[in-house]
Visitor: 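Mind having a look at this structure? Questions to follow.
FYI, the numbering just counts along the sequence from 1.
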Amino acid sequence: MERFNIIRNHVKFYNNVQVSATYTIPRSALPSPDLASFTHLIHSALRETLQSQPILNVVIEDEGTPQPKWKRAETIDFRELVNVTEHDPKSNPDAWLTEGHKEQLDRVDEIPVWRVRIGVQASALSATSTTLSFVLAFYGHHAIADGVSCGVFHKTFLDAMNNAVAKPSSITTSPLFRPSSSLKLLPSLEEVAPLPISIWFAIKQIIKAFFYNPVDPKNWSGPPVASSLPTITPNLRTFSLGPAQVTWLLQKCRENGTTLTALISVLTARKVTEMHPSYSHVAGVIPFSFRKFSGHSSRAMGVFVSSVTPYFASERNPPRGYISCASTSADEPNQTNNELWESARQTRHFITAGSASPKNQMVGMLRFAPDFKGFFLGLFGKKRDHAFEVSNIGVVDGGLGGSEGKASFDKVVFSTGLCVYGDPFSVLVASAKGGELTVSVSWMSEVTEEKEGVALCQYLEEWTSGLAEERR
């Protein structure tokens, strides 16, 4: 999977994945109330973070070859990786986060394939309050981090920040860091996880990929992939639910025997088919963590993920193998929604079944691919696989409610940038423990109209907040 993602970025088919968090730290952590002192604190916390996460210390060697390799960086200059900007951490994050998605992860053989973007107000640095807030966004190459791992970055960084807060004398002024030669990379998913593939599953996938894969005329997945490498413009809209709303919404899901991920998947399918009434079928893709099979710890950074693909139909009596996402003009969040919850239960069962075993996972097929570059270039002009993605990295513990005088974070935002062959809509979910839940909707201007991306975000906000209010 690492090789797949490295080559995908090399041919400019993908850019980065991101998780941000809004931090609050005691002002006493800053030796002086200025930007230089704040930057030294950030660099010092990053230094300790890199000592805990080996994958953040590497560059890519032979990126454009069939066999790229990791290489430990000799020296890392944080000034090349960290961008501190003027930004109010309490303001809407959409435009600010989108700017980071536009930046290419270049010079991969010289500097590590991640970036940190920080938003802080200069006026706040010299204020008289006892705390300072800033937002930190971690953008990672998908070969070093999946969404969960981007959340792990923040937990590791928070630990490092609290160590610096507790011991200000450890804060250094040098932006340079030399990785230890004793740091060893964690084994990849393929090296430690059993990925058995049955002969019939393999034959089926080979036939679909190279010989015969019938197109469903009722299926909508957006326009075909461009015939040549396009310029991609990423877009992002977010909304957040407060802690009380999150509690009520999750309780509502439990009472109806389903999960938030399944509910959002059905709602997304509903809105997509509503916006494209000439089609009645859509496919979604739902990633899930593979750590329970690979044995990687909850604090490990890497790419440990697979996915399932549920199919939805807007018919009330869908074909076999499809889940109904039918709705009527009378559907409202505060009405009885038996059909919605039944579809959400079916989606949950589908996800549970598809993620119950490491056998016959699509990630297991990657080792049989002879030419990743040829695979990606062969996608030009082809039909897209899915209409949307729904990915939920769950709850990230930012230490809210902990000891006074310690750093903490809340408002976690999970988002993704450009993907040439990607789905028209990406719906990504993340929560801060004891804080807000944030849903992001991403799309590309060259694939999806802005009015549709905005409409989907508004629809999801209306329904999730409405269902939470219904529970009260």
Side-chain angles (χ1 to χ4, degrees), residues 1-18 60 63-66 68 97-108 113-115 139-147 150 208-210 213 215 219-237 272 282-287 303 305 307 309 362-363 365-366 369-391 414-428 440-450 452-453 456:
M1 178 171 282
E2 292 174 348
R3 188 162 57 93
F4 172 91
N5 285 309
I6 288 173
I7 295 174
R8 182 171 65 165
N9 271 50
H10 175 68
V11 297
K12 302 187 185 305
F13 266 48
Y14 194 86
N15 190 21
N16 55 36
V17 59
Q18 179 281 145
I60 301 174
E63 180 197 24
T65 70
L97 290 172
T98 301
E99 288 301 313
H101 282 304
K102 293 177 181 178
E103 298 178 12
Q104 291 291 330
L105 292 170
D106 54 7
R107 298 170 56 203
V108 300
V113 286
W114 54 268
R115 303 290 185 270
Y139 295 83
H141 193 301
H142 225 327
I144 68 166
D146 52 29
C150 290
K208 287 173 61 177
F210 297 104
N213 187 15
V215 175
N219 176 274
W220 183 85
S221 60
V225 179
S227 58
S228 60
L229 193 65
T231 299
I232 295 293
T233 308
N235 296 272
L236 175 68
R237 294 291 186 278
V272 171
V282 291
V285 60
I286 304 174
V303 188
V305 67
S307 63
T309 300
M362 286 303 297
V363 65
M365 291 293 296
L366 291 179
D371 178 14
F372 283 133
K373 184 176 181 179
F375 166 76
F376 289 119
L377 298 181
L379 294 175
F380 285 130
K382 297 289 183 64
K383 181 178 173 65
R384 298 173 194 273
D385 289 336
H386 319 104
F388 63 87
E389 171 188 359
V390 173
S391 183
F414 176 29
S415 63
T416 187
L418 65 88
C419 182
V420 169
Y421 65 101
D423 307 326
F425 303 100
S426 291
V427 180
L428 308 185
S440 75
V441 177
S442 301
W443 69 93
M444 298 165 284
S445 297
E446 293 73 17
V447 177
T448 303
E449 292 186 42
E450 180 177 8
E452 292 190 357
L456 175 59

Visitor: Give me the atom names and distance for the closest heavy-atom approach of Ala283 to Thr309.
Guide: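 That closest heavy-atom pairing would be CB-CG2, 4.2 Å.
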Visitor: State whether Arg115 and Asp106 are salt-bridged, where the test is any N-O pair (Lys NZ or Arg NE/NH1/NH2 against Asp/Glu carboxylate O) under 4.0 Å.
Guide: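 Yes, this pair counts.
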Visitor: Donor-acceptor check, side chain of Thr448 to backbone of Pro424, threshold 3.5 angstrom: yes or no?
Guide: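 At least one qualifying donor-acceptor pair exists.
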Visitor: Which heavy atom of Val447 sits nearest a heavy atom of Arg384, and at what distance?
Guide: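 Minimum heavy-atom contact is CG2-NH2, 3.3 Å.
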Visitor: Considering only heavy atoms from C-beta outward, does the side chain of Leu428 approach that of Glu389 to under 4.5 Å?
Guide: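 Of all side-chain heavy-atom pairs linking Glu389 with Leu428, at least one is under 4.5 Å.
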Visitor: At their closest point, which heavy atom of Thr65 faces which heavy atom of Ile7, and how far apart are they?
Guide: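 What the structure gives for the nearest pair is O-CD1, 3.9 Å.
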Visitor: After noting the C-alpha distance and the side-chain angles of Glu446 and Thr231, does the key distance pass the side chain to side chain donor-acceptor pair (under 3.5 Å) rule?
Guide: CA-CA 8 Å; Glu446 293 73 17; Thr231 299; over 6 Å; no
Visitor: Do you know which two heavy atoms are closest between Gln18 and Ser415, and how far apart they sit?
Guide: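 Nearest pair, atom of Gln18 first, then Ser415: NE2-OG, 2.6 Å.
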Visitor: Distance check, rounded to the nearest 0.5 Å: His386 atom NE2 versus Trp220 atom CH2?
Guide: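 Those atoms lie 13.0 Å apart.
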Visitor: Let's go through Asp385 and Ser221 carefully: what are the C-alpha distance in whole Å and the side-chain angles of both, what is the deciding distance for side chain to side chain donor-acceptor pair (under 3.5 Å) to 0.1 Å, and is it a yes or a no?
Guide: CA-CA 7 Å; Asp385 289 336; Ser221 60; over 6 Å; no
Visitor: How would you list, by chain and number, every residue that makes a salt bridge (charged side-chain N to carboxylate O under 4.0 Å, His left out) with Glu99, sequence neighbours excluded?
Guide: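 By the salt bridge (charged side-chain N to carboxylate O under 4.0 Å, His left out) rule, Glu99 matches Lys102.
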Visitor: Given side chains that start at C-beta, do those of Asp146 and Pro287 come closer than 4.5 Å, heavy atoms only?
Guide: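 Side-chain contact under 4.5 Å: no.
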Visitor: Are Trp114 and Leu105 close enough that some pair of their side-chain heavy atoms sits under 4.5 Å apart?
Guide: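 No, every pair of side-chain atoms sits at 4.5 Å or beyond.
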Visitor: So do Met1 and Val305 actually touch side chain to side chain, heavy atoms under 4.5 Å?
Guide: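 Sidechains of Met1 and Val305: in contact.
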Visitor: If you take all heavy atoms of Leu229 and Phe380, which pair is closest and at what distance?
Guide: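 In terms of heavy atoms, the two residues are closest at N-CE2, 3.5 Å.
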Visitor: Please name the pair of heavy atoms, one in Val420 and one in Ile232, separated by the smallest distance, quoted to 0.1 Å.
Guide: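 That closest heavy-atom pairing would be CG2-CG1, 4.4 Å.
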Visitor: To the nearest 0.5 Å, what is the distance between CZ (Phe13) and CZ (Phe372)?
Guide: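 Rounded to the nearest 0.5 Å, the CZ-CZ separation comes out at 14.0 Å.
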Visitor: I'd like to know if the side chain of Arg3 reaches the main chain of Pro66, judged simply by a donor and an acceptor atom lying under 3.5 Å from each other, with no hydrogens or angles considered.
Guide: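 Answer holds: yes.
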Visitor: Heavy-atom distance under 4.5 Å between the side chains of Phe376 and Phe4, does that happen here?
Guide: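 A side-chain contact under 4.5 Å exists here.
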Visitor: When rounded to the nearest 0.5 angstrom, what distance separates CG in Asn16 from SG in Cys419?
Guide: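 SG of Cys419 is found 11.5 Å from CG of Asn16.
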Visitor: Quick one: does Asn15's side chain have a donor or acceptor within less than 3.5 Å of a partner on Leu418's backbone?
Guide: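 A pair under 3.5 Å: no.
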Visitor: Does any part of the side chain of Tyr14, heavy atoms only, come nearer than 4.5 Å to the side chain of His141, both counted from C-beta?
Guide: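 A side-chain contact under 4.5 Å is absent here.
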Visitor: In terms of relative ring orientation, are Tyr139 and His101 parallel, tilted or perpendicular, with 30° and 60° separating the classes?
Guide: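 If you compare the ring of Tyr139 with that of His101, the planes turn out perpendicular.
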Visitor: Is there a donor-acceptor contact under 3.5 Å from the side chain of Asp423 to the main chain of Phe425?
Guide: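 Not a single qualifying donor-acceptor pair exists.
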Visitor: Could you give the distance from CD1 (Ile6) to CD1 (Ile60), rounded to the nearest 0.5 Å?
Guide: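 If I round to the nearest 0.5 Å, the distance is 4.5 Å.
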Visitor: Could you tell me whether Lys373 atom NZ has more than 12 heavy atoms of other residues or ligands within 6.0 Å of it?
Guide: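 No, NZ of Lys373 has 12 or fewer neighbouring heavy atoms, counting only those of other groups under 6.0 Å.
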Visitor: Using 0.5 Å steps for rounding, measure from the CD atom of Glu449 to the CG atom of Asn235.
Guide: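 Separation between the atoms: 12.0 Å.
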